[in-house]
Amino acid sequence: MQQRRLGRDGPMVSALGLGCMGMSEFYGPSDEAASQATLERALDLGVNLLDTADMYGAGHNEQLVGRAIRARRDEVVLATKFGNMRGPNREFLGVNGRPEYVREACDASLRRLGVDHIDLYYQHRVDPAVPIEDTVGAMAELVRAGKVRWLGLSEAAPATIRRAHAVHPISALQTEYSLWTREPEGELLDTVRELGIAFVAYSPLGRGFLTGSIRKTEDLDAGDFRRNSPRFQSEALAANLRLADRVRTIAAERGCTPAQLALAWLLARGEDVVPIPGTRSTLRLEENLGALDVRLSAEDVARLDRELPPGAAQGERYPQASMRAVNR
């Protein structure tokens, strides 16, 4: 398994990680046995970066991951997140970055995961009501207490990252990045590279869209959150299908699948970029890992940059209310 380092002093991780969110929520019905098998197969194949969060399934996802790694804890770089609060009925209660909540959330995650420490602990969303210095200061206390090893931020703005990093080294920034979400290019990527912070790319397959398997909204289960995503709606979807078709055409010419091409493009963006595609299927997991064998030439990368330039995707990546919580 190819490896990459998270930050200047962070852990070595598999060049492709595994996003676990969809095993519990958001993408329609899930199969716990299939998810468990996928987690185990990932570890067997050398994938050691597992990414979860306390909000995924309102704690269920952490429990699922915890069970899967119980006998293999030393093989895993375990990443989880806090900050998005859920209620007893899984309702969303807003973002919380208060120091006392940081400590409470960490202890709750440790219990659900069944571990004595978290390798990489992210603030899932920045709380605009709490200075980032206060939140990261509380996260740093967790490091000193031995409950957490390295710190990360998710969907944070460049200025916020700088302020956070001044309090305690940040090893990874997790933000959406793919062939149809190229907003990180420029100031955000420049900032993390200047500071020696790794970039963990979530939704590297455009929430499955770049695989070419989604042609209309009706292809998605009734409970799939993508049905409410602006990029999957009517006119935007029709425009975005042209992007997916370009990926499919180039992939066919290169002798790989669209998913492998999209991941290979991200891997080629730099040794500090670590994509974490999510899947509940061992077949899709193995397909994704095939991207590690796809070698793109400079000409291949330039062509993809031309065919899917920044801003090419139609529609916001989240509904309006959720977009207000990103890039803070």
Side-chain angles (χ1 to χ4, degrees), residues 4-11 13 17 19 49 51-55 77-85 94-110 117-177 181 183-203 270-274 276 318 322-328:
R4 296 185 170 189
R5 185 175 295 281
L6 294 184
R8 290 191 177 128
D9 301 310
V13 299
L49 178 59
D51 184 88
T52 181
D54 60 3
M55 72 159 283
V77 176
L78 179 60
T80 192
K81 315 176 198 71
F82 75 92
N84 283 316
M85 298 180 65
V95 176
N96 191 340
R98 295 193 305 272
E100 61 272 22
Y101 180 73
V102 175
R103 294 185 284 269
E104 293 170 7
C106 180
D107 287 342
S109 286
L110 289 170
H117 72 275
I118 295 162
D119 295 306
L120 178 60
Y121 200 40
Y122 291 99
Q123 182 183 20
H124 207 162
R125 293 290 186 270
V126 175
D127 185 346
V130 179
I132 192 65
E133 292 82 358
D134 293 352
T135 302
V136 175
M139 294 168 71
E141 290 176 6
L142 298 174
V143 175
R144 291 190 288 272
K147 295 180 178 182
V148 169
R149 291 190 173 171
W150 295 281
L151 302 184
L153 300 175
S154 179
E155 291 285 0
T160 303
I161 297 166
R162 290 184 183 279
R163 289 167 55 197
H165 195 67
V167 175
H168 186 281
I170 301 298
S171 295
L173 172 74
Q174 183 174 143
T175 294
E176 185 172 353
Y177 188 23
T181 300
E183 289 84 351
E185 295 172 7
E187 186 182 6
L188 188 59
L189 268 172
D190 290 346
T191 298
V192 296
R193 284 175 168 158
E194 175 192 336
L195 299 175
I197 299 170
F199 193 104
V200 176
Y202 78 83
S203 293
E271 288 292 317
D272 54 351
V273 177
V274 180
I276 52 168
Y318 286 113
S322 297
M323 283 300 297
R324 288 196 291 267
V326 303
N327 198 34
R328 284 176 169 169

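- With respect to Phe82, the side chain to side chain contact (heavy atoms under 4.5 Å, CB included) criterion is satisfied by exactly one of Thr135, Val95, Asn96: Thr135.
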Determine whether Ile161 and Ile170 satisfy the following criterion, side chain to side chain contact (heavy atoms under 4.5 Å, CB included), listing intermediate values before the conclusion.
CA-CA 8 Å; Ile161 297 166; Ile170 301 298; 5.5 Å; no

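- When all heavy atoms of Gly17 and Val274 are compared, the closest pair comes out as N-CG1, 4.4 Å.
- Val126 and Ala156 make their closest contact through CG2-CB, 4.0 Å (heavy atoms, listed as atom of the first residue, atom of the second, distance).
- For the pairing with Leu120, the side chain to side chain contact (heavy atoms under 4.5 Å, CB included) check across Val148, Thr80, Leu6 returns one residue only, Leu6.
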Practice problem: Could you give me the CA-CA distance, side-chain angles and deciding distance for Glu133 and Arg163, then say whether side chain to side chain contact (heavy atoms under 4.5 Å, CB included) is met? | Solution: CA-CA 7 Å; Glu133 292 82 358; Arg163 289 167 55 197; 2.8 Å; yes

* Please lay out, stage by stage, how Glu185 and Asp190 fare under the test side chain to side chain contact (heavy atoms under 4.5 Å, CB included). => CA-CA 8 Å; Glu185 295 172 7; Asp190 290 346; over 6 Å; no

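- For the pair Ala105 and Asp54, the tightest heavy-atom approach, listed with the atom from each and the gap, is CB-OD2, 4.1 Å.
- Residues Ser109 and Ile118 meet the side-chain proximity criterion, which asks for heavy atoms closer than 4.5 Å.
- With rounding to the nearest 0.5 Å, the separation of CG in Asp272 from CZ in Arg8 is 11.0 Å.
- Residues Ala164 and Leu153 share a closest heavy-atom pair of CB-CD1, 3.7 Å.
- Of the possible donor and acceptor atoms, none in the side chain of Trp150 sits under 3.5 Å from a partner among the backbone N and O of Val143.
- Taking the charged nitrogens against the carboxylate oxygens, Arg98 and Asp134 have no contact shorter than 4.0 Å, which rules out a salt bridge.
- A 4.5 Å side-chain heavy-atom check between Val200 and Tyr177 finds every atom pair outside the cut-off.
- Ser171 contributes atom OG, which lies 12.0 Å from atom CG of Leu195 (distance to the nearest 0.5 angstrom).
- Between the side chains of Thr181 and Glu176, at least one donor N or O sits under 3.5 Å from an acceptor N or O.
- Under the 3.5 Å distance criterion, the side-chain polar atoms of Arg125 are left unmatched by any main-chain donor or acceptor of Ser154.
- Atoms CZ and CG, on Arg149 and Leu78 in that order, are 10.5 Å from each other to the nearest 0.5 Å.
- Atom NE2 of His165 sits about 11.0 Å away from atom CG of Leu151, to the nearest 0.5 Å.
- In the model, Glu155 has no side-chain atom that pairs as donor or acceptor with a side-chain atom of Tyr318 under 3.5 Å.
- Not one N or O on the side chain of His124 forms a donor-acceptor pair closer than 3.5 Å with the backbone of Lys81.
- In the model, Glu183 has no side-chain atom that pairs as donor or acceptor with a side-chain atom of Asn327 under 3.5 Å.
- Distance check: His168 NE2 to Arg144 CZ gives 7.0 Å after rounding to the nearest 0.5 Å.
- Of all the heavy atoms in Cys106 and Lys147, the pair that sits closest is SG-CB, 4.2 Å.
- Exactly one of Arg5, Arg193, Arg4 qualifies for a salt bridge (Lys or Arg N to Asp or Glu O under 4.0 Å) with Glu271. That residue is Arg4.
- The environment of CD in Glu187 is sparse: at most 12 heavy-atom neighbours from other residues, nucleotides or ligands sit within 6.0 Å.
- Closest non-hydrogen pair, Phe199 versus Val192, comes out as CD1-CG2, 4.4 Å.
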- Message: Run Leu188 and Leu173 through side chain to side chain contact (heavy atoms under 4.5 Å, CB included) and show every step you take.
- Response: CA-CA 10 Å; Leu188 188 59; Leu173 172 74; 3.7 Å; yes

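- In this structure, the side chain of Asp51 does not engage the main chain of Gly19 through any donor-acceptor pair within 3.5 Å.
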